[in-house]
Amino acid sequence: MAAGEAESASKVTITEIARQAGVSVPTVSRVVNGRSDVSPQTRARVEELLRRHGYRKRPAAPGTRAALLDLVFNNLDSPWAVEIIRGVEEVAHAAGVGTVVSAIHGRSGDAREWMRNLRARASDGVILVTSALEPTLHEELRILGVPLVIVDPAGSPALEVPTIGAANWSGGMAATEHLLSLGHRRIGLIAGPPRLLCSRARLDGYRAALEGAGIAMDESLVVPGDFRPESGFAACDTLLGLPEPPTAVFAASDQMALGAIEALRRRGLRVPQDMSVVGFDDLPEVRWSAPPLTTVRQPLADMGKLAARTVLRLTRDQQPDSPRVELGTDLVIRSSTAPPAAKT
């Protein structure tokens, strides 16, 4: 039991108190520790159960923990992750809550180690980003009463888990329609990992835009990537090696778009004169790329802010306004796109 909580002559656990009150374990802990972020009705219900079981508040030990949120990524080697962290940190700091950032690298051993650490530090809530927990670990979070919010879910999350995402389908469609409006008809796609819902939605938006223009999707023009620059470089090389290369490329992340631009540069090709390139994310550095990148702005920091607000609401036993939220995306036109060069 965490320092500053209570003990009971009957040895009834905090988990049992939470179950009887119909609230989460962190909520009982907040009542015991006298925190104000609990509704009056919930506080009264929990306090009555604490009195019934004879709990006595014990003095807080030196170094008693502060309120904490766990922010968990699959990987942390991307500016994309930094934007999410920035949004979460802003809301958590304003609420007086600490943030613990972890990466589990998609490995079950790392995920279990993270869960052990989470139990030890008694975090109040978890924000999981573009990753998925094993069902056993997800169930353990539920038993512990630790609220969970998922940003850009990898697969279909449990119905009771709130999710925060972006309008990936409409963003993919807007990127492709922009290239079509410039006169491109052979448009390559450097897709994201197919296991991610956001990747599949961007692919579907690309397909829908082509169909809307009466163009059948050519599967040879769709090359998978993993959102990293190296995969964008390799995918662009593959597209350039086709008997009839595309005149434009939509990369499903800015980092892959930058990799594609480098592949073109090494072949002596110019952007956008020889090939137009569109990205997705609008990371801060792409406005300084050469040329500045046309991209779909994904509100990454706002997604982090909303995820933090949502998980903090759950820690107070307040339900989110909507369990599934998609924030809007916008096309940002810069200098990396132009009409296709005339054939000679």
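Residues take their numbers from the sequence shown, with the count starting at 1. The shown structure was predicted, so the numbers you read here are calculated from the model rather than taken from an experiment.
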Checking side chain to side chain contact (heavy atoms under 4.5 Å, CB included) for the pair Ile127/Ile164: CA distance, chi angles, key distance, verdict?
-> CA-CA 10 Å; Ile127 299 170; Ile164 311 297; over 6 Å; no
List the steps and the verdict of side chain to side chain contact (heavy atoms under 4.5 Å, CB included) for Leu197 and Asn168.
-> CA-CA 9 Å; Leu197 290 177; Asn168 291 292; over 6 Å; no
Give the intermediate values and the outcome of side-chain hydrogen bond (donor to acceptor under 3.5 Å, both in side chains) for residues Asp70 and Ser123.
-> CA-CA 7 Å; Asp70 262 61; Ser123 287; 2.4 Å; yes
Given Asp282 and Arg334, is the salt bridge (Lys or Arg N to Asp or Glu O under 4.0 Å) satisfied, shown in steps?
-> CA-CA 11 Å; Asp282 196 28; Arg334 297 194 179 101; 3.0 Å; yes
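Contact check on Asp302 versus Arg297 returns no salt bridge, with no Lys/Arg side-chain nitrogen under 4.0 Å from an Asp/Glu carboxylate oxygen. Under 4.0 Å is where a charged nitrogen must lie from a carboxylate oxygen, and between Glu90 and Arg86 no such pair does. Between Arg186 and Asp218 there is a salt bridge, with a side-chain nitrogen of the basic residue lying less than 4.0 Å from a carboxylate oxygen of the acidic one. Comment: Glu139 engages Arg142 in a salt bridge, judged by a side-chain N to carboxylate O separation of less than 4.0 angstrom.
In this structure, the side chain of Thr310 does not engage the main chain of Pro320 through any donor-acceptor pair within 3.5 Å. Panel note: side chain Ser289, backbone Glu285; no donor-acceptor pair is recorded below 3.5 Å. In terms of modelled atom types and a separation under 3.5 Å, the side chain of Thr294 and the main chain of Val278 share no donor-acceptor contact. Side-chain atoms of Ser231 never come within 3.5 Å of backbone atoms of Gly225 as a donor-acceptor pair (strictly under, hydrogens ignored).
With sequence neighbours left out, Arg45 forms a side chain to side chain donor-acceptor pair (under 3.5 Å) with no residue at all. Residues that satisfy the side-chain contact (heavy atoms from CB on, under 4.5 Å) test with Val82, not counting sequence neighbours, are absent from this structure. Taking Ser276 as the reference, His184 meet the side chain to side chain donor-acceptor pair (under 3.5 Å) condition, with sequence neighbours excluded.
Hydrophobic clustering (ILVMFWY, side-chain heavy atoms < 4.5 Å, transitive): Ile150 and Leu118 are in one cluster. At a threshold of 4.5 Å between side-chain heavy atoms, the hydrophobic network of Ile, Leu, Val, Met, Phe, Trp and Tyr places Val249 and Val332 in two separate groups. When the side chains of ILVMFWY residues are joined at heavy-atom separations under 4.5 Å, either directly or via intervening members, Leu203 and Leu180 end up in a single hydrophobic cluster. The hydrophobic clustering, which links ILVMFWY residues whose side-chain heavy atoms are closer than 4.5 Å, places Val271 and Leu269 together. Trp169 and Leu327 fall into different hydrophobic clusters, where Ile, Leu, Val, Met, Phe, Trp and Tyr residues are linked whenever their side-chain heavy atoms come under 4.5 Å apart, directly or through other members.
Using a 4.5 Å cut-off on side-chain heavy atoms (C-beta onward), Leu196 and Asp152 make no contact. For the pair Ser336 and Pro291, the minimum side-chain heavy-atom distance is below 4.5 Å. Residues Glu140 and Thr136 fail the side-chain proximity criterion, which asks for heavy atoms closer than 4.5 Å. Contact of the Arg313 side chain with the Asp321 side chain is registered, since non-hydrogen atoms from C-beta on lie closer than 4.5 Å.
The residue from Val100, Val126, Leu312 that alone fulfils the side chain to side chain contact (heavy atoms under 4.5 Å, CB included) condition with Leu69 is Leu312.
Taken from CG in Asp330 to OG1 in Thr295, the straight-line distance is 11.0 Å, to the nearest 0.5 Å.
Taking the six-membered ring where the residue is Trp, Phe250 and Tyr206 present tilted rings, their angle falling between 30° and 60°.
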